[in-house]
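Right, one structure below, let's go through it.
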Amino acid sequence: MRPLVHPSIEDITVEGILHALSDPVRAAIYAELSISSGATCSNFLKISDRDIPKSTLSQHFRALREAGLIRSERQGVEMRNSTRCEEINQRFPGLIMTIMKAHQIQAAERMRATKRKQGSGRSRVG
């Protein structure tokens with residue numbers, strides 16, 4: 001088994017964070033992790049009503065880990081993940097909170113748009 005790469009806080013960059021969180025699935029994973037005390041990868045097999053294959057999920061977690069956003073620990077066959085929010089907030093005050101707030105706003109807008117599309121697609125019986 002390859003060792004897990006966790007960059008030191010000094011090696012974490014704004015560009016790396018923005019790149020990792022530019023993917024909507026990774027942003028959703030990080031948002032969920034940030035409100036929990038940690039979770040295993042298998043908790044994220046379904047995100048925003050989409051099934052995520054295990055292999056794809058592994059790539060998403062690797063991108064988040066290598067950007068320095070999460071810390072992962074092997075626990076038997078599972079991988080336990082937690083955010084590094086406090087460390088990152090010390091290095092870049094307010095950055096993660098701002099990104100997550102923007103993610104929440106965008107997710108809510110997408111949900112409203114999806115509901116509108118579903119509502120307009122129904123045929124009316126008169």
Side-chain angles (χ1 to χ4, degrees):
M1 249 184 237
R2 274 193 249 148
L4 300 173
V5 175
H6 296 96
S8 68
I9 194 66
E10 296 82 23
D11 292 334
I12 297 172
T13 64
V14 172
E15 297 85 359
I17 291 170
L18 293 175
H19 175 73
L21 295 177
S22 67
D23 183 280
V25 172
R26 287 194 294 264
I29 290 170
Y30 191 77
E32 287 294 318
L33 281 173
S34 69
I35 59 173
S36 70
S37 60
T40 60
C41 296
S42 59
N43 291 93
F44 297 95
L45 291 170
K46 191 171 202 76
I47 297 174
S48 303
D49 296 332
R50 291 176 33 196
D51 292 327
I52 310 295
K54 286 182 181 180
S55 58
T56 303
L57 200 53
S58 294
Q59 296 302 315
H60 286 309
F61 276 99
R62 183 177 59 121
L64 291 169
R65 186 173 50 252
E66 289 178 354
L69 289 164
I70 65 171
R71 188 168 300 282
S72 302
E73 293 180 37
R74 296 187 205 286
Q75 290 184 336
V77 296
E78 286 283 350
M79 193 76 75
R80 186 107 181 127
N81 302 284
S82 57
T83 66
R84 295 176 70 183
C85 286
E86 288 181 29
E87 293 174 81
I88 295 169
N89 197 44
Q90 288 177 358
R91 179 157 166 81
F92 304 115
L95 176 65
I96 295 298
M97 194 167 80
T98 302
I99 293 170
M100 288 295 96
K101 181 65 177 167
H103 171 73
Q104 287 174 334
I105 292 167
Q106 182 172 284
E109 289 171 353
R110 284 182 178 156
M111 190 176 292
R112 284 192 297 275
T114 300
K115 286 181 181 179
R116 278 194 304 268
K117 284 181 185 177
Q118 289 172 347
S120 66
R122 295 182 187 149
S123 60
R124 294 184 182 190
V125 177

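- Annotation: side chain of Cys85 is not in contact with side chain of Met97 (no heavy-atom distance under 4.5 Å).
- Expressed to the nearest 0.5 Å, how far NE2 of His6 lies from CG of Asp11 amounts to 13.5 Å.
- Under the 4.5 Å side-chain contact rule for hydrophobic residues, Leu64 and Leu45 share a cluster.
- Considering every non-hydrogen atom in both Ala67 and Gly16, the closest pair reads CB-O, 3.6 Å.
- Contact detail for Gly94 and Asn89: the closest heavy-atom pair is N-OD1, 2.8 Å.
- Surrounding CD of Glu78 are more than 12 heavy atoms belonging to other residues, nucleotides or ligands, all under 6.0 Å away.
- What you find for Pro7 and Ile12 is that their closest heavy atoms are CG-CG1, 4.3 Å.
- Considering all non-hydrogen atoms of both residues, Arg26 and Ala63 come closest at CD-CB, 3.7 Å.
- The structure places CG of Asp51 at 11.5 Å from OG1 of Thr56, a figure rounded to the nearest 0.5 Å.
- Cluster partners of Ile105 are absent, since no Ile, Leu, Val, Met, Phe, Trp or Tyr has side-chain heavy atoms less than 4.5 Å from it.
- Atom CZ of residue Arg74 and atom CZ of residue Arg80 lie 15.5 Å apart, to the nearest 0.5 angstrom.
- The OG atom of Ser72 lies 10.0 Å from the CD atom of Glu66; values are rounded to the nearest 0.5 Å.
- By the 4.5 Å heavy-atom criterion applied to side chains, Phe44 and Ile52 are not counted as neighbours.
- Residues Ile17 and Ile96 meet the side-chain proximity criterion, which asks for heavy atoms closer than 4.5 Å.
- Residues Leu33 and Phe92 are members of one and the same hydrophobic cluster, defined by side-chain heavy-atom contacts under 4.5 angstrom among Ile, Leu, Val, Met, Phe, Trp and Tyr.
- Side-chain contact between Thr83 and Ile88 is absent, with no heavy-atom pair separated by less than 4.5 Å.
- A heavy-atom distance below 4.5 Å is found between the side chains of Leu18 and Ile99.
- Other members of the cluster containing Met79 are Leu4, with ILVMFWY side chains joined at under 4.5 Å, either directly or via other members.
- In this structure, Met111 is not a member of the same hydrophobic cluster as Ile29, with clusters built from ILVMFWY side-chain heavy atoms closer than 4.5 Å.
- For Arg91 (side chain) and Glu10 (main-chain N/O), a donor-acceptor pair under 3.5 Å exists by modelled atom type.
- The distance from atom OG of Ser8 to atom CD of Glu87, rounded to the nearest 0.5 Å, is 9.5 Å.
- Heavy atoms only, all atoms of each residue included: His103 and Ala31 are closest at CD2-CB, 3.8 Å.
- Summarising the geometry of Ile9 relative to Arg84, their closest heavy-atom pair is N-NH2, 3.9 Å, with the distance given to 0.1 Å.
- A distance of 6.5 Å separates CD in Glu73 from OG in Ser82, rounded to the nearest 0.5 Å.
- No more than 12 heavy atoms of other residues, nucleotides or ligands sit less than 6.0 Å from atom NZ of Lys115.
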